[in-house]
There are 4 protein chains.
Amino acid sequence: MNKIFLLIALLYACSSFAQKPRARDIGIPFDGTTGKFNAITDVKGVEVGYSTIISGTGKNIRGKGPVRTGVTAILPRGRNNNPVYANWYSLNGNGEMTGTTWVTESGFLEGPVMITNTNSVGVVRDAVLKWFVKTGWYKEDFWYTYPVVAETYDGFLNDIYGFHVKEMNAYEALDSAKAGFIKEGNVGGGTGMMCLGFKGGSGSSSRVVKIKDSTYTLGVFVQANFGRKRNLVIAGVPVGVALIDTLNNEFKAPPSYQPGDGSIIVVVATDAPVLPHQLKRIVQRVSLGIGQVGGQGTNGSGDIFIAFSTANPTAFQRSNFTKVDVLPNDEINPLFEATIQATEEAIINAMVAAEAMEGINGNKSYALPHQLVIDLLKKYNRIK
Amino acid sequence: MNKIFLLIALLYACSSFAQKPRARDIGIPFDGTTGKFNAITDVKGVEVGYSTIISGTGKNIRGKGPVRTGVTAILPRGRNNNPVYANWYSLNGNGEMTGTTWVTESGFLEGPVMITNTNSVGVVRDAVLKWFVKTGWYKEDFWYTYPVVAETYDGFLNDIYGFHVKEMNAYEALDSAKAGFIKEGNVGGGTGMMCLGFKGGSGSSSRVVKIKDSTYTLGVFVQANFGRKRNLVIAGVPVGVALIDTLNNEFKAPPSYQPGDGSIIVVVATDAPVLPHQLKRIVQRVSLGIGQVGGQGTNGSGDIFIAFSTANPTAFQRSNFTKVDVLPNDEINPLFEATIQATEEAIINAMVAAEAMEGINGNKSYALPHQLVIDLLKKYNRIK
Amino acid sequence: MNKIFLLIALLYACSSFAQKPRARDIGIPFDGTTGKFNAITDVKGVEVGYSTIISGTGKNIRGKGPVRTGVTAILPRGRNNNPVYANWYSLNGNGEMTGTTWVTESGFLEGPVMITNTNSVGVVRDAVLKWFVKTGWYKEDFWYTYPVVAETYDGFLNDIYGFHVKEMNAYEALDSAKAGFIKEGNVGGGTGMMCLGFKGGSGSSSRVVKIKDSTYTLGVFVQANFGRKRNLVIAGVPVGVALIDTLNNEFKAPPSYQPGDGSIIVVVATDAPVLPHQLKRIVQRVSLGIGQVGGQGTNGSGDIFIAFSTANPTAFQRSNFTKVDVLPNDEINPLFEATIQATEEAIINAMVAAEAMEGINGNKSYALPHQLVIDLLKKYNRIK
Amino acid sequence: MNKIFLLIALLYACSSFAQKPRARDIGIPFDGTTGKFNAITDVKGVEVGYSTIISGTGKNIRGKGPVRTGVTAILPRGRNNNPVYANWYSLNGNGEMTGTTWVTESGFLEGPVMITNTNSVGVVRDAVLKWFVKTGWYKEDFWYTYPVVAETYDGFLNDIYGFHVKEMNAYEALDSAKAGFIKEGNVGGGTGMMCLGFKGGSGSSSRVVKIKDSTYTLGVFVQANFGRKRNLVIAGVPVGVALIDTLNNEFKAPPSYQPGDGSIIVVVATDAPVLPHQLKRIVQRVSLGIGQVGGQGTNGSGDIFIAFSTANPTAFQRSNFTKVDVLPNDEINPLFEATIQATEEAIINAMVAAEAMEGINGNKSYALPHQLVIDLLKKYNRIK
């Protein structure tokens with residue numbers, strides 16, 4: 001098995017200098033129309049930045065590594081500090097997303113969404129405050145805010161109890177955030193993640209929908225670290241069952257580990273003018289997209305999602321009354337469908353992009369085998 | 001005791017032809033500035049109607065009575081069928097308020113709020129639909145809606161298992177709804193209710209608040225049927241403890257009855273431009289108003305509240321995008337305070353207005369003794 | 001098209017005297033192990049009863065019909081009035097399920113779950129109370145309860161504004177409730193329902209799971225009336241897209257109707273010893289099962305689910321402390337998976353069983369064409 | 001005014017070596033029976049520890065201080081790592097309590113509750129994980145958990161953007177946690193807090209209730225930093241209005257500051273055997289206790305509460321089925337009342353214990369003037 005792993009690793013190492021293929025590139029079919037980058041950054045203003053931390057190999061020495069982790073930053077309006085309408089939902093709350101109580105209460109997300117590993121939520125959380133100070137994010141003399149920081153667990157590949165994420169990693173993710181093309185797979189917070197029996201990580205997708213005479217974009221970003229191999233479904237095809245005996249992640253599962261443990265954090269952005277209670281509706285649909293690839297929200301999974309709207313740039317006011325545009329409920333279905341479709345594709349994108357990885361103690365996570373997947377989709381007549 | 005009851009009953013019977021005094025009239029102090037009618041109808045457009053059903057005396061014969069019950073209808077925009085932004089909250093959910101799932105989902109209340117007794121929610125619910133058909137409420141050829149009907153339990157005074165509320169009572173409440181002055185005490189759904197050791201029923205109050213350069217009105221309507229006498233507090237004075245041995249309601253408490261069982265339904269209306277998630281914030285403050293008079297949300301109590309905003313008359317659209325006015329969160333405190341104050345006063349208004357009542361099987365509920373309350377407030381230096 | 005309809009109707013009319021085939025009978029594959037009846041009644045104690053109301057043909061005369069509706073009753077412990085632990089969830093709250101506020105608060109479901117059409121929730125709700133009186137359901141002298149009654153909209157086939165469901169229909173459903181084999185398709189509350197582009201209705205399925213050394217059963221009952229044809233997926237195969245141009249339901253869609261409007265009510269029963277907050281977890285997974293067949297929780301849909309556990313028959317106590325068995329969270333995954341699988345199969349069972357129906361004004365809903373589905377599953381290599 | 005401040009400060013400085021008086025000591029009346037320590041530690045097993053950080057005076061230099069802050073640790077079962085049933089509630093979510101998503105989902109609180117200032121939630125959060133590693137809290141080879149860390153804002157007295165709380169402060173609070181008598185006022189996380197127009201901080205109280213034949217204890221701990229002076233009510237007496245012109249906190253309120261901003265974190269512990277959904281009911285009653293002293297859950301306030309039960313020490317199991325004791329809903333009222341009473345008294349205890357404090361830039365917060373309060377209670381005939 002080791003040889004296969006090295007082979008695959010080598011294969012990916014070579015390809016990693018080039019643009020990685022995405023799910024559509026290798027022929028996996030999806031419904032709907034994507035935006036230009038097929039990413040959350042298709043929603044104007046949204047920026048994504050990463051800090052990827054990879055070092056060491058071999059037996060884990062706590063505090064030294066090997067390290068396979070990182071931080072992801074998603075800025076709703078880039079460097080513009082204007083809060084966005086937001087809401088959140090938990091399919092299975094075995095995880096953390098800080099700052100949600102104020103999102104629920106106020107209807108606003110006041111800063112970036114950060115994603116990292118389970119044990120680094122705190123350092124990233126306070127670092128966001130320090131970054132606000134450093135960058136003069138708030139102009140007022142009196143402010144306080146509750147950074148939104150989420151996580152998934154990378155302790156099978158990463159020295160997670162070594163606490164390797166530092167403030168500077170949060171700064172790096174924030175400072176490097178940009179619009180346009182975004183990397184996927186083993187980058188940022190997604191670096192050491194595993195998903196549905198293969199290597200997981202960061203992924204994204206978008207949809208463009210027409211509602212009445214307007215065109216809106218909805219983008220999804222995932223940090224995918226969930227699910228059991230046997231449940232993996234791609235384009236309706238039971239890929240996981242078919243591949244159940246090949247390319248299995250190799251790690252010593254501790255007794256208390258249950259396959260399927262892991263988590264998925266999902267961030268949904270849209271430029272459609274929806275209110276906080278409508279964003280609650282949208283963000284609940286993420287579950288249905290996760291279900292499309294075989295997710296079941298298992299007990300050990302922290303499946304927590306947040307959605308925001310970049311419309312209504314003047315929605316947030318300290319003391320002035322304001323006017324906001326609102327999409328009628330009866331026209332919201334295209335956004336529901338876009339959420340489901342883009343969530344499904346973002347997960348598969350994360351898996352397609354993620355290369356095989358060896359982490360602590362020789363633990364290995366194999367990449368989704370593109371050709372075998374394509375073969376299966378052909379076998380099941382989903383593609384020619 | 002019977003004589004005292006008759007005396008009191010007589011006293012009230014006489015006074016009932018005249019305008020009943022309200023809490024402020026007899027000298028009870030409250031904070032804040034009321035609207036013209038000190039009622040929910042101070043919010044422009046809001047209309048209130050009652051159907052009061054009182055018949056028979058003596059031993060209860062199921063299906064014949066005595067009957068002490070009724071129906072209350074609150075129409076957010078009168079006969080205008082335009083939905084209003086709304087939200088709801090349950091302090092203790094031992095009760096029913098139908099239609100709330102769609103209120104949560106859509107952010108809208110699409111029709112009247114009806115309040116009746118526990119066993120008549122169904123008949124009133126379907127009657128609202130029939131009334132919509134009768135009155136041509138909906139112009140469209142395809143519509144469905146989920147009437148909001150709430151209840152409290154009047155089975156100590158009323159033949160509640162006789163199911164005396166009929167469709168026509170719901171129609172009567174709806175058809176008689178009007179703006180302006182509204183009756184309190186033993187009227188409508190509140191007819192047979194008891195509260196904090198005395199006779200309860202329907203009550204209302206309002207507050208006018210200034211926010212920035214605008215003036216807004218917030219009105220509260222209660223159907224008060226909750227609480228233990230020993231907890232009754234008026235203007236900070238422990239009235240219930242002081243009166244613990246006098247004028248106690250007389251009914252054979254069944255073994256499974258716990259003092260404090262009962263409920264309170266609260267409807268909050270405002271013309272301030274608040275969104276559904278802000279209405280959730282407002283409606284949660286109702287609990288604090290109930291706490292001011294000694295409510296504890298006991299296990300047997302159905303303490304369910306709904307709030308709506310009559311601002312933004314064009315908020316609801318089938319298919320057109322719209323613009324809505326929004327109050328900034330930082331300016332919402334006056335509405336919170338108004339909700340607390342008006343809830344407190346509405347409950348005391350219900351008790352001050354409610355006359356003593358004899359119901360089934362000679363069960364009696366005594367009225368709050370105005371003079372004794374005033375004497376206590378003087379003793380505790382709350383009034384001169 | 002009319003001829004095709006008659007042919008199909010005839011075909012089904014003939015077959016309707018015999019036992020109707022179920023999804024597995026015609027070869028549709030599902031995961032997991034079913035109970036004996038592959039129905040919610042596999043959970044010991046659970047009983048299901050129907051009242052089916054079908055009369056008239058031709059142009060609708062309000063109040064006369066044609067009538068295509070009914071009532072379904074699900075009794076958690078049959079005639080045993082002992083409450084069961086319960087919880088509920090709304091994927092999209094464009095619907096009604098009464099009684100849920102007390103379910104949330106108390107953790108208990110105190111009586112049957114009733115399902116009918118949108119406009120008959122009230123009559124059925126009060127009828128349950130009357131049936132409790134008639135049958136001596138409560139032995140105490142002081143009781144009140146909040147019947148759980150849910151609905152979906154059958155107004156395309158049924159004279160829904162004729163209000164044809166009467167108290168006696170609720171009684172019939174309750175009185176006829178029984179364990180064992182249950183009918184599916186056009187029966188009870190599901191009579192006039194449509195689903196994913198074909199005729200829908202009542203359906204059920206169950207799963208048997210092994211957890212540690214114990215075997216548990218989880219059963220699902222659906223009243224399926226939701227979804228757009230183009231989204232219909234069976235066993236991963238895009239059946240709806242393939243059949244998009246054939247056998248389309250024929251009714252004059254009013255301008256305000258959006259394909260996908262409709263609803264699904266789901267009832268989940270299990271004998272596993274789970275607490276109310278664990279039932280919340282289970283009932284949230286229903287969404288994932290709906291997603292498997294193409295449901296998206298569209299705006300017009302009332303997708304409301306309730307789950308209960310028949311374990312711990314002494315959980316409910318008026319005044320005595322009690323002991324209850326509890327399944328650890330770490331062992332709950334098989335119940336999640338069972339919920340997803342049984343929900344998926346129950347919906348397909350409803351569609352497989354439902355015969356074509358002609359309702360008001362000649363509106364027609366076509367049955368899922370079994371052979372065409374099988375052909376598609378073969379084409380996509382899902383079955384041989 | 002400066003002289004008055006010094007006088008008061010001196011007065012308190014002298015008294016601070018002795019045991020500080022508590023609300024009951026100075027004659028303020030409360031209902032109910034307290035436990036031995038009248039503190040959350042009356043619930044067997046509960047331990048409380050503090051780290052208090054006070055240094056510097058004069059003009060604030062960011063990063064140097066003055067510093068007036070700290071950390072509080074509440075351990076549900078002391079050093080026993082056995083999770084407790086728990087639930088939480090937010091009256092107004094302008095604040096942070098991490099770890100709540102898993103509390104909701106699992107029904108368990110898996111470690112201590114930590115309370116600190118707004119900007120130190122992160123460092124404390126990760127420090128708890130490190131403390132778990134250090135102390136061998138978890139014996140398993142595979143674990144992850146989501147520390148519960150809450151906060152209130154002390155930026156008027158403390159150099160909050162200097163980030164003075166360090167990991168060692170979290171360790172100190174955890175390591176020093178003990179049962180029995182606990183300090184109140186300017187200690188731990190409460191060090192720099194202000195409340196209802198006076199100095200606030202840490203406070204506690206408890207109630208002993210009899211339910212059937214059993215005796216249970218319920219304890220409350222608060223970090224009180226909320227409310228406007230004009231709303232302060234003690235024992236029903238409008239103390240705040242009476243003292244509106246005296247001893248006003250002296251700080252330069254930034255333009256965006258609104259009186260009433262601030263927060264209250266409340267922790268409720270009980271040894272009564274209640275399930276997670278019953279703990280939700282209990283924790284919602286905290287609002288009513290806050291209302292007793294004049295709290296209104298203003299927009300700027302983070303009023304977030306958590307409740308847990310130390311009963312059922314074997315409730316948490318990784319893989320074994322278990323049995324738990326359950327209190328029937330109908331007997332829960334005494335716990336509701338105890339929650340309300342102990343919350344009220346804990347807040348007043350915090351204020352009575354808190355000494356006047358001068359913080360950054362000469363900002364001063366005055367202590368509740370005991371004698372003036374007593375005089376007012378006499379004037380209003382609440383005490384002799």
Side-chain angles (χ1 to χ4, degrees), chain B residues 62 88 90-106 117-130 132-133 138 140-147 149 151 153 155-156 160-161 163 165 167 252-258 261 263 297 299-300 302 304 318-319, chain C residues 62 88 90-106 117-130 132-133 138 140-147 149 151 153 155-156 160-161 163 165 167 252-258 261 263 297 299-300 302 304 318-319:
Chain B
R62 191 171 283 175
W88 71 286
S90 167
L91 168 63
N92 194 65
N94 203 331
E96 176 69 85
M97 183 182 280
T98 66
T100 49
T101 308
W102 184 226
V103 170
T104 298
E105 186 80 38
S106 67
N117 76 51
T118 308
N119 288 5
S120 301
V121 166
V123 63
V124 171
R125 192 258 181 204
D126 289 358
V128 171
L129 295 176
K130 291 172 188 175
F132 285 160
V133 172
Y138 288 100
E140 304 161 50
D141 55 351
F142 175 62
W143 63 271
Y144 47 87
T145 191
Y146 314 102
V149 186
E151 54 69 47
Y153 181 89
F156 293 116
I160 191 168
Y161 283 97
F163 299 94
V165 173
E167 284 178 7
K252 289 192 208 84
S256 55
Y257 169 75
Q258 297 193 338
D261 282 358
S263 305
N299 177 66
I304 313 180
R318 275 274 168 235
S319 68
Chain C
R62 191 170 282 176
W88 70 287
S90 168
L91 168 62
N92 195 63
N94 203 332
E96 177 68 85
M97 184 182 279
T98 67
T100 48
T101 308
W102 185 225
V103 169
T104 299
E105 185 80 38
S106 68
N117 75 50
T118 308
N119 288 3
S120 301
V121 166
V123 63
V124 171
R125 191 259 181 202
D126 289 358
V128 171
L129 295 175
K130 292 171 188 176
F132 286 162
V133 172
Y138 288 101
E140 305 161 49
D141 54 350
F142 176 63
W143 63 272
Y144 47 86
T145 192
Y146 313 101
V149 185
E151 54 69 47
Y153 181 89
F156 294 114
I160 192 167
Y161 283 97
F163 299 95
V165 173
E167 285 178 7
K252 287 189 210 87
S256 54
Y257 169 75
Q258 297 195 334
D261 282 358
S263 303
N299 176 66
I304 313 181
R318 275 272 169 235
S319 68

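Values below: every heavy atom of this structure, side chains too, minus hydrogens, waters and symmetry copies. Lettering follows sequence order; numbering is per chain, from 1.
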Quiz prompt | Close side-chain approach of E105(B) and N92(C), heavy atoms under 4.5 Å | solution = yes
Quiz item: Highest number of heavy-atom pairs under 4.5 Å with chain C: which of V128(B), L129(B), T118(B), N94(B)?
Solution: N94(B)
Quiz item: Which residue out of S120(B), G302(B), G155(B) racks up the most heavy-atom pairs below 4.5 Å with chain C?
Solution: S120(B)
Quiz item: Is there side-chain contact between V165(C) and F163(C), with heavy atoms separated by less than 4.5 Å?
Solution: no
Self-check item: Side-chain heavy-atom pair Y138(B), T145(B) within 4.5 angstrom cut-off
Solution: yes
Quiz item: Quick one: are V121(B) and T98(C) in side-chain contact, heavy atoms under 4.5 Å?
Solution: no
Self-check item: Engaged part of N299(C) at the chain B interface, taking heavy atoms whose separation is under 4.5 Å
Solution: both
Quiz item: Of the listed residues (T100(B), V103(B), V123(B)), which shares the most heavy-atom pairs with chain C below a 4.5 Å separation?
Solution: V123(B)
Quiz prompt | Greatest number of heavy atom pairs closer than 4.5 Å to chain B - which of P255(C), G300(C), G122(C) | solution = G122(C)
Quiz item: Side chain, backbone, both or neither: which part of T104(C) has a non-hydrogen atom closer than 4.5 Å to chain B?
Solution: neither
Quiz item: Do T101(C) and W88(C) have side chains that get closer than 4.5 Å, going by heavy atoms?
Solution: no
Quiz item: Can you tell which of E151(B), K130(B), R318(B), R62(B) has the highest number of heavy-atom pairs within less than 4.5 Å of chain C?
Solution: K130(B)
Practice problem: Find the one option among S90(B), S106(B), G95(B), G99(B) whose heavy-atom pairs under 4.5 Å with chain C are most numerous. | Solution: G95(B)
Quiz prompt | Residue, of Y161(C), F156(C), Y153(C), Y257(C), that accumulates the most heavy atom pairs under 4.5 Å with chain B | solution = Y161(C)
Quiz prompt | Part of D261(B) lying under 4.5 Å from any heavy atom of chain C | solution = side chain
Quiz item: Nearest 0.5 Å, what's the OG-CD distance between S263(C) and E96(C)?
Solution: 11.0 Å
Practice problem: Kindly give the heavy-atom pair with the smallest separation between N119(C) and N117(C), and that separation in Å. | Solution: N-OD1, 2.8 Å
Self-check item: I304(C) portion near chain B, given a 4.5 angstrom heavy-atom threshold
Solution: side chain
Quiz item: Looking at side-chain heavy atoms only, is the closest gap between R125(C) and R125(B) below 4.5 Å?
Solution: no
Quiz item: In terms of heavy-atom proximity below 4.5 Å to chain C, should S319(B) be classed as side chain, backbone, both, or neither?
Solution: neither
